[in-house]
Novice: 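Can you keep this structure in mind? I'll have questions shortly.
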Amino acid sequence: MIRIYNTLSQQKEEFQPIEPGKVRMYVCGMTVYDYCHLGHARVLVAFDVITRYLRHRGYDVHYVRNITDIDDKILQRAEENGEKFSDLTARMIKAMHEDEARLGVLSPTEEPCATDYINEIVAMIHKLVSSGHAYAADNGDVYFSVESYPEYGKLSKKKLEDLVAGARVDVQEAKRSPADFVLWKAAKPGEVSWPSPWGDGRPGWHIECSAMSNRCLGETFDIHGGGPDLLFPHHENEIAQSECANGHTFVNTWMHAGAIRVNKEKMSKSLGNFFTIREIFEKYPPEVVRYFLVSSHYRSQVDYSEDNLAEAGRTLTRLYHALRGLVPAKDVPETEHDRRFAEAMDDDFNTAGAIAVLHAVANEINQHRREGRDEQASEQAAVLVRLGSILGLLQQDPESFFQADTGSELSADDIEAMIQARADARKRKDFAEADRIRDELAEKGVILDDSREGTSWRRG
RNA sequence: GGCGCGGUGGCAGAGUGGUUAUGCAGCGGACUGCAACUCCGUGUACGCCGGUUCGAUUCCGACCCGCGCCUCCA
């Protein structure tokens, strides 16, 4: 039995898919006007692990993650760059796919782009206008009437009166209520636009997700996820649109990832602590970044710092050390470790608890090898790789992980030659020379691991 | 001001009404030519004050502190 924390009910609930054995899940993806940052990575990895685990538990998961490829920021950035907006979005979508591949994130089942669903969007707006939940304003925009939906605020636990009184919402003459939000934006002269019953324009952000999820997954589906800052207003608005258009429940379980902070401060462009994934990959291997993200619970707030990443690197290294030189056995039956791993993951995807099991397996492997029990060691290695795959970790060949070229001046051949020279020196008991070679390698970031079978190396 | 989340050992980070989280770092030992890796052992915890209880870090209440959202944002 899997239990999942539902933002809507604010508690963990036993997960019951609408259709037995099948999970229909929608996650809000990026607006593609720039490279993915750490916050995107967190959501990408969190829902990747969730998908992997649900599949491991036997569910057929239909995972839809959209791409917002038309919006104010995209148009603004394209204009700054002097390029077509579609060239910008095509470039950023390609970059996003590269980034997520390096993070070990599996592709979603479907990845709809807003501009491919204009017809569905227009149809949904039309439905809302006809039923009195939306109205065309004098300025050519179409707005959703928040007051037409009594349950507005049920996800974010906000009261409409408070929102209106807050007065931080966009004050727009054309709106009937300050909390109303735009469904269709009238095009300014020269702007890219699509035809509609209310004139040429483009969709508002919130309606895209309602229309695409409706089309790809149906009117009611199991899980809807996204970043923490999407809870309000984006997801609240999606609920209002979808439930008014369809007349019944939109989503059963709402899931939100925790926020990323940087050196204990909010990540923001004005603070200058905004990291893209590719910047971080210049300093740390992608799998280390993934390990860092997975090592704490998906709903908790995590703090990015050099120290935390360095520690993640050391810890992941320990895990790969356990696998080094072993050929995982085939067809290893389920063990107590598998059971404990599942127990942690069943409890709202407790990856931190699950990783503790990985360490227990690694410890067992190391004990077996130390005692010369090779068969048991390779059996447990199979368990470690198997459990690792559910978290999207430990799938590389250990040597590839250890020896990935980070732009060092030494090639693998250089290093092998120096290790041979050191081995010769040790054989003739010239320890001064042997240590000199070891120190030289260490200075250049290469760490040696001696064992009975010989010397192996890794880049530190 | 409104809504919500959290305060665990040097650090990161799970969890539990009474019993070892785990990792990193530290210390002692084994292994080693010396180290590293690995193994064994080891110390330091549950913001504060009340309450419930045989017993609370774990439940309840107050307080203090931190954080997020309330505007585009993953």
Side-chain angles (χ1 to χ4, degrees), chain A residues 7 10 27-31 33-34 36-47 65 68 71-73 76 153 156-159 161-163 165-171 179 205 225-234 236 256-261 264-269 274 291-292 295-297 299-303 305 307-319 321-322 324 340 344 347 350-360 362-363 365-371 425-426 429-432 434-435 438-439 442 447-452 455-458 460:
Chain A
T7 309
Q10 298 174 283
V27 173
C28 291
M30 318 180 54
T31 300
Y33 68 101
D34 207 338
C36 293
H37 63 241
L38 209 46
H40 294 114
R42 163 91 122 150
V43 171
L44 252 21
V45 169
F47 288 97
R65 196 186 59 217
T68 296
D71 120 308
D72 287 344
K73 285 190 293 300
Q76 189 188 332
S156 58
K157 323 298 174 204
K158 293 182 192 310
K159 291 193 186 101
E161 310 90 84
D162 297 341
L163 284 171
R168 282 177 88 178
V169 288
D170 190 17
V171 179
W205 176 38
D229 39 9
L230 261 35
L231 205 157
F232 185 89
H234 185 57
E236 194 69 64
H256 291 92
I260 294 261
R261 309 184 80 211
K264 314 234 173 195
E265 283 182 322
K266 185 184 161 108
M267 182 169 72
S268 77
K269 283 180 179 164
F274 211 84
Y291 182 90
F292 166 71
S295 63
S296 55
H297 188 92
R299 278 191 288 119
S300 68
Q301 197 173 62
V302 302
D303 185 50
S305 70
D307 285 351
N308 290 162
L309 264 285
E311 186 187 317
R314 284 192 294 270
T315 306
L316 186 60
T317 296
R318 174 185 136 77
L319 256 17
H321 253 294
R324 194 171 209 181
R340 286 188 49 219
D347 182 15
N350 183 352
T351 51
I355 280 182
V357 178
L358 259 41
H359 286 288
N363 185 257
I365 292 171
N366 289 331
Q367 283 182 48
H368 285 317
R369 329 175 77 163
R370 203 181 158 75
E371 308 292 329
R426 290 177 75 196
K429 301 222 185 295
D430 184 355
F431 295 120
D435 289 352
R438 185 171 65 197
D439 291 345
I447 298 161
L448 300 185
D449 297 307
D450 289 331
S451 73
R452 261 170 299 195
T455 301
S456 52
W457 59 277
R458 62 189 157 96

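Lettering follows sequence order; numbering is per chain, from 1.
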Novice: Please report the distance separating the P of B/C27 from the corresponding atom of B/U32, rounded so that it comes out in whole Å.
Specialist: 22 Å
Novice: Nearest-Å distance, CD (A/Q301) to P (B/A74)?
Specialist: 17 Å
Novice: What's the gap between B/U52 and B/G13 when it is taken at their P atoms, as a whole Å value?
Specialist: 35 Å
Novice: I want to verify a distance call: between B/C39, B/G23, B/U71, whose nearest atom is closest to the A/N366 side chain?
Specialist: B/C39
Novice: Per the atom types in the model, does the base of B/A35 pair as donor or acceptor with the side chain of A/D450 at under 3.5 Å?
Specialist: yes
Novice: Between atom CD in A/E236 and atom C1' in B/C70, what is the gap in whole Å?
Specialist: 12 Å
Novice: Between B/C37 atom P and A/I447 atom CD1, what is the distance in whole Å?
Specialist: 8 Å
Novice: Any donor-acceptor pair, under 3.5 Å, between the side chain of A/R314 and the base of B/G23, if you only look at N and O atoms?
Specialist: no
Novice: Return the minimal non-hydrogen interatomic distance between A/C28 and A/R65, and the atom names on each side.
Specialist: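 Smallest interatomic distance, heavy atoms only, reads C-CG, 4.4 Å.
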Novice: With rounding to the closest Å, how many angstrom separate the P atoms on B/G7 and B/A14?
Specialist: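 Result for the P pair: 9 Å, nearest Å.
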Novice: Tell which nucleotide pairs with B/A56, taking only Watson-Crick or G-U wobble pairs whose two distances are both under 3.5 angstrom.
Specialist: none
Novice: Taking side chain as C-beta onward, heavy atoms only, is A/T7 less than 4.5 Å from A/R299?
Specialist: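 They are not in contact (no side-chain heavy atoms under 4.5 Å apart), so the answer is no.
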Novice: Evaluate A/F292 against A/L309 for side chain to side chain contact (heavy atoms under 4.5 Å, CB included), listing each step before the verdict.
Specialist: CA-CA 6 Å; A/F292 166 71; A/L309 264 285; 3.8 Å; yes
Novice: Using a cut-off of less than 4.0 Å, is there contact between a side-chain N or O of A/K264 and OP1 or OP2 of B/A12?
Specialist: yes
Novice: For A/K73 and A/E265, take the nucleotide of RNA chain B holding the closest heavy atom to each; which residue's nucleotide lies nearer the 5' end?
Specialist: A/E265
Novice: When you match A/L448 and A/D347 each to their closest nucleotide on RNA chain B, which lands nearer the 5' end?
Specialist: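 Nearest nucleotide further toward 5': that of A/D347.
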Novice: When rounded to the nearest Å, what value does the distance between P atoms of B/G28 and B/G68 take?
Specialist: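 Comparing P positions in B/G28 and B/G68 gives a spacing of 42 Å.
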Novice: Which atoms form the tightest heavy-atom contact between A/S295 and A/I355, and what is the distance?
Specialist: CA-CD1, 3.7 Å
Novice: With a non-hydrogen cut-off below 4.0 angstrom, is A/H234 in contact with a base, only sugar-phosphate, or nothing?
Specialist: nothing
Novice: Around atom CZ of A/R340, are there more than 12 heavy atoms of other residues, nucleotides or ligands at under 6.0 Å?
Specialist: no
Novice: Is the distance from OP1 or OP2 of B/A14 to the nearest side-chain N or O of A/N350 less than 4.0 Å?
Specialist: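 Answer is no, no contact under 4.0 Å.
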Novice: Quick one: A/R299 CZ to B/C67 C1', roughly how many Å, whole number?
Specialist: 16 Å
Novice: C1' atom, B/C63 versus B/U20: distance in rounded Å?
Specialist: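 34 Å, rounded to whole Å.
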Novice: Spell out, as yes or no, whether a donor-acceptor pair under 3.5 Å connects the side chain of A/Q301 to the backbone of A/G258.
Specialist: no
Novice: Rounded to the Å, how far apart are A/I355 CD1 and B/A21 P?
Specialist: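 After rounding, the reported distance stands at 19 Å.
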Novice: Respond yes when some side-chain nitrogen or oxygen of A/R261 is under 4.0 Å from OP1 or OP2 of B/A12, and no when none is.
Specialist: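 So the side chain of A/R261 is outside the cut-off, no N or O lying under 4.0 Å from OP1 or OP2 of B/A12.
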Novice: Can you tell me the distance, in whole Å, between the CZ atom of A/R452 and the P atom of B/A30?
Specialist: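 Between P of B/A30 and CZ of A/R452: 18 Å.
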Novice: Tell me which nucleotide, if any, is Watson-Crick or G-U wobble paired with B/C24 when both distances must be under 3.5 Å.
Specialist: B/G10
Novice: Is any side-chain N or O of A/E311 under 3.5 Å from a base N or O of B/G23, one able to act as donor and the other as acceptor?
Specialist: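 In this structure, the two groups form a donor-acceptor pair.
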Novice: Considering only heavy atoms and no angle criterion, is a donor-acceptor pair shorter than 3.5 Å present between the side chain of A/D435 and the base of B/G33?
Specialist: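 Such a pair exists between side chain and base.
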Novice: Using a cut-off of strictly less than 4.0 Å, decide whether A/H40 has a side-chain nitrogen or oxygen near OP1 or OP2 of B/A74.
Specialist: yes
Novice: Answer with base, sugar-phosphate or nothing: what part of the nucleic acid does A/S156 contact at a heavy-atom distance below 4.0 Å?
Specialist: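 The answer is sugar-phosphate, as A/S156 gets under 4.0 Å only of primed atoms, P, OP1 or OP2.
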Novice: Is A/R458 side chain donor-acceptor paired with the B/C37 base, going by distance under 3.5 Å alone?
Specialist: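 Counting by modelled atom types and ignoring angles, no donor-acceptor contact under 3.5 Å is found here.
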Novice: Which one is paired to B/G1, where only Watson-Crick or G-U wobble pairs with both distances under 3.5 angstrom count?
Specialist: B/C70
Novice: Under 4.0 Å, heavy atoms only, any strand: does A/L358 hit a base, just the sugar-phosphate, or nothing?
Specialist: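 No contact at all - A/L358 keeps every heavy atom at 4.0 Å or more from the nucleic acid.
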Novice: Strictly by Watson-Crick or wobble contacts shorter than 3.5 Å, is anything paired with B/C63, and which nucleotide is it?
Specialist: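 By the stated definition (distances under 3.5 Å), B/G47 pairs with B/C63.
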Novice: Would you mind reading off the distance between A/L319 atom CG and B/C24 atom P, rounded to a whole angstrom?
Specialist: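 To the nearest whole Å, that distance equals 9 Å.
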Novice: From the options B/C31, B/C5, B/C70, select the nucleotide whose nearest atom is closest to the side chain of A/R370.
Specialist: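 Selected nucleotide: B/C31.
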Novice: Provide, to the nearest angstrom, the distance between the CZ atom belonging to A/R438 and the C1' atom belonging to B/C34.
Specialist: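 Nearest whole value for this atom pair: 6 Å.
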Novice: Shortest non-hydrogen contact from A/M267 to A/G39?
Specialist: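 Closest approach of A/M267 to A/G39, heavy atoms only: CE-N, 3.8 Å.
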Novice: Any base atoms under 4.0 Å from A/L230, or only sugar-phosphate, or nothing? Heavy atoms, all strands.
Specialist: sugar-phosphate
Novice: Verify, without hydrogens or angle tests, whether A/H40 (side chain) and A/H37 (backbone) share a donor-acceptor contact under 3.5 angstrom.
Specialist: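 Yes, the answer is positive, given that a donor and an acceptor are paired below the 3.5 Å cut-off.
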Novice: Side-chain contact, heavy-atom cut-off 4.5 Å: A/M30 with A/V43?
Specialist: no
Novice: Please give the distance between the C1' atoms of B/G6 and B/U38 as a whole number of Å.
Specialist: 38 Å
Novice: If only side-chain N and O atoms of A/Q76 are considered, is one of them under 4.0 Å from the OP1 or OP2 phosphate oxygen of B/C72?
Specialist: no
Novice: Think A/N363 has a side-chain N or O under 4.0 angstrom from the OP1 or OP2 of B/C40?
Specialist: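 It does, given that an N or O in the side chain of A/N363 lies less than 4.0 Å from OP1 or OP2 of B/C40.
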Novice: Please confirm whether the shortest side-chain N or O distance from A/K266 to OP1 or OP2 of B/C69 is below 4.0 Å.
Specialist: yes
Novice: What contact category does A/F431 fall into here, base, sugar-phosphate, or nothing, at under 4.0 angstrom with non-hydrogen atoms?
Specialist: base
Novice: C1' atom, B/A45 versus B/C40: distance in rounded Å?
Specialist: 24 Å
Novice: Indicate, with a heavy-atom threshold strictly under 4.0 Å, whether A/E371 touches base, sugar-phosphate, or nothing.
Specialist: nothing
Novice: Return the pairing partner of B/A35 with a 3.5 Å limit on both distances, Watson-Crick or G-U wobble; otherwise return none.
Specialist: none
Novice: Taking the same atom, P, in B/C65 and in B/U71, what whole-Å distance lies between them?
Specialist: 26 Å
Novice: Using a 4.0 Å heavy-atom cut-off, does A/R426 contact any base of the nucleic acid, only the sugar-phosphate backbone, or nothing at all?
Specialist: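 Since a base atom lies under 4.0 Å of A/R426, the category is base.
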Novice: Answer with base, sugar-phosphate or nothing: what part of the nucleic acid does A/A257 contact at a heavy-atom distance below 4.0 Å?
Specialist: nothing
Novice: Tell me what A/K158 touches on the nucleic acid: a base, only sugar-phosphate, or nothing, going by heavy atoms under 4.0 Å.
Specialist: base
Novice: With a 4.0 Å cut-off on heavy atoms, is A/G153 in touch with a base, just the backbone sugar-phosphate, or nothing at all?
Specialist: nothing
Novice: Within the 4.0 Å heavy-atom criterion, would you say A/K429 contacts the bases, only the backbone, or no part of the nucleic acid?
Specialist: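 No contact.
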Novice: Heavy atoms only: give me the nearest A/A344-A/A354 pair and the separation to one decimal.
Specialist: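 Minimum heavy-atom separation between A/A344 and A/A354: CB-N, 3.6 Å.
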